Amino acid sequence: MEKINWLKDRLEQNPGDPMGWYWLGLEYADAGHTRDAISSLTEGLKYCEDEELKLKIIDAVNRLTQEQLEQESPSYDESPRHSEDLEVEEGPDNSSDTSDSPSVVKQRIDNAAPHLQVIDGGSGAAGNNHAADSEETIRFDDVGGLDELKKTISMKIIKPFFNQGLFSKFRKKSGGGVLLYGPPGCGKTFMARATAGECQARFINVHITDILDPYMGVSEQNLRRLFETARAHKPSVLFFDEVDAIGYNRAKSSSSVRFLIDLLLSELEGLDSDNNQILVIGATNMPWDVDPALKRPGRFDRMIFVPPPDEKAREAIFRLKLKGRPVGDIDYKALASKTTLFSGADIENVVERAAENVLEEILETDQERPIETGDLLHALQDVQPSTLEWMRTIKNYVKYANQSGLYNDVDTFLRRHKKWL
Amino acid sequence: MEQSVAAKTKQIIYHYLEIGRFETALDYIKQALENSPDDPELYYYMGYVFYRQDRNEEAVEVLHQALSYGDEYQEEIYLLLASICIDADQWVEAEENLLKVLELNPNNAEAHAHYAYLMKKTGHKEKAERLIQEAHRLDPDDEQVLRYAHLMKLGDKDKEEQFFLLERFIEQADNQVSVHLQLGLHELFRERHGQALKHFKEAYLLDPTNQFLAEVVKELEQDTHFLYAPLRWVNKIGGPAVLWIIAIAISLAGQLLGLDKFVAVFIGIYLIYAIYSWTVPLLLKIYYKLRG
Ligand SMILES: Nc1ncnc2c1ncn2[C@@H]1O[C@H](COP(=O)(O)OP(=O)(O)OP(=O)(O)O)[C@@H](O)[C@H]1O
Ligand SMILES: [Mg+2]
């Protein structure tokens, strides 16, 4: 215990010392305080620049997480506090009012990246959404086009987020989450990240694979821990990707799925009373599969349609995807005008194909040349917009499901694109 | 470590299967197979996905593979194989597979229900009745057995029994889509068409990616008599006890009988749909059996 206290003292003097956190982690592990050990190690990872030490830490965390899983009984109720304490201890910005210190916040975003990744996904599970946590901050400027959507998000999310005082004066509640929905590959995740960037908040990506665990009680614990992390890192954006997989409509599921949504509901309720420094965003391709209770006031109560990229957005995506490849004088306008209803992913597909064809040609002829507009136009002839199926489904669906006007945005979009569907 | 990663992936696979995201489930199954290429459980899940995606040949192939890697899941695998054969009108193979299930577990209620269905489909009325009674006795709470028993009674004079079975089914059913389908059919047979349409619409709203439901609603809204008339006709000549046989007959002599093709599709697909969802609770059982 003495050694632990000594290390803690040292770290209080110098909280950015990864080695110190590493040692503290090992000490905790020896003393059998697995959870504290993991917290310390992850803390160390935040500040660690030395590759070798990083690997060591990750290794230790993996081992401990595993041990923890193996021993854990559902009696976790008293322990999660510790990890939160530690996280709060370290930061200089744990005052609840962070809105006036954006630079500190930003720094934290940059430093704190792999935190969740290690705790939840590090064991090599199949999920591939963790990477998002470590990417750099994205802002609205990085998102091409979609001006209307940006305006909506700005009005409905960002302004209330920064002007909570004003909103509460006028008794307009700014809490509650937002549900982004739309066809696959059209920038829901991207937009959510950009929103977090605009709010200068920490982005915490939550996916079903971060939560589910076969051991009794561990799934619950994982979900709780994510909310705890969000609380410890205010202001933060808690992003539920593929929220239909966690909040799957209880009317269509068996009891083994229901527990997850009950838990999610109660955690969201808890946030409400907490305060408004945590923004909750969900994304889904299947809004009809999200449990109705999750769409009620105080939960994901604002639905926002993320349409396929408009012409300007498509141009931006073409530029983005062609960046770093040898290209000639590309006519981006022409490409954008010929790719109505293409998703970001479809455009990527077009670029890949074109590149492949050119490469093949070069190998055949031995004549090196860049990718030209013609190659891309040729490639896109073989690609069907992948949003079509979704669009046709929703077109039929809104006929019956839009009584309350919930899907007006979609309706408008459909009217504008009638001839394509 | 290895072990628990596998367990975690299986949990994820299972979750995606339960919520009907078969493509995603398949991705995870393939990933898991890379680490344990001879795990029969994974092949069983894969077979289930293929079955739900109407890729029956592939389903049969991987299910046989599952059998070759161990005998833990024989009962479930043979039952799934039986469902596939029934859908493909391979009666003999279907019966063989069902008999294998019953040999492994003579008290398997759902196998009895499947068997009853097979017998009904092939015209063995009395045996079908006996089997469904037996299924009922073995597990009076089984959702699928209740659903099937209710379907069988739809055209009967005994309204009380119908209501009883319907009520019991609704009590036990997890999925409101199948509840609304069952209610819709119930109303259809009582010639309350407006009510029937309402239920099919509810089912569709819960499951808008379901092509079949979308078709049914569209058809019902446009023009109703196509669907209703033949059911009334079915009713007159003996009720749904012959429905299954008619479904087959339609495909052979549809035009002769003056039936609209859509009706055949409706009946055919409804039955497939009904069978489809049979396997979900089955999976649930296998899963919990495995994990205590
Ligand atoms: N407006 C845009 N500007 C720039 N890039 C975009 C835009 N829209 C989409 N993209 C690109 O397309 C990719 C796919 O977008 P994203 O992953 O956000 O889609 P999604 O809607 O979350 O898809 P899914 O439903 O499959 O999760 C992004 O990585 C991004 O590079
Ligand atoms: Mg996404």
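As the structure is a computational prediction, the values presented were derived from the model and not from experiment. Chain A is the first sequence line, chain B the second, and so forth, proteins listed ahead of strands; every chain is numbered from 1.
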Report, as yes or no, whether the 6.0 Å neighbourhood of atom [atom1] on [X] holds more than 12 heavy atoms from other residues, nucleotides or ligands.
| X | atom1 | result |
| --- | --- | --- |
| B:Lys198 | NZ | no |
| A:Glu352 | CD | yes |
| A:Gln384 | CD | no |

**Study point:** Ionic contact status for B:Asp174 with A:Arg250, cut-off 4.0 Å
**Key:**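 Looking at B:Asp174 together with A:Arg250, the answer is no, because their closest N to O distance does not fall below 4.0 Å.
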
Check your understanding: Is it the backbone or the side chain of A:Asn249 that comes under 4.5 Å from a heavy atom of chain B, or both, or neither?
Key ->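 The side chain, not the backbone.
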
**Study point:** Segment of A:Leu260 engaging chain B (4.5 angstrom heavy-atom cut-off)
**Key:**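 Answer is side chain: those atoms of A:Leu260 sit under 4.5 Å from chain B.
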
Within a strict 4.5 Å, meaning less than it, do heavy atoms of the [X] and [Y] side chains meet?
| X | Y | value |
| --- | --- | --- |
| A:Ile208 | B:His15 | yes |
| A:Trp288 | B:Thr209 | yes |
| A:Lys252 | B:Ile19 | no |
| A:Tyr400 | B:Glu202 | no |

Review point. What distance do A:Glu242 atom CD and B:Tyr16 atom OH have between them, rounded to the nearest 0.5 Å?
Key: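 A:Glu242 CD to B:Tyr16 OH: 3.5 Å, rounded to 0.5 Å.
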
Practice item. With rounding to the nearest 0.5 Å, note down the distance linking CD in B:Gln11 to OG1 in A:Thr209. Key: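 So the gap between those two atoms works out to 12.0 Å.
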
Review point. Which pair of heavy atoms, one from B:Tyr204 and one from A:Asn396, lies closest together, and at what distance?
Key: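 Where B:Tyr204 meets A:Asn396 most closely, the heavy atoms are OH-ND2, 3.1 Å.
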
Practice item. Could you check which of A:Asp289, A:Thr393, A:Leu212 has the highest count of heavy-atom pairs closer than 4.5 Å to chain B? Key: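 Option with the greatest count: A:Leu212.
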
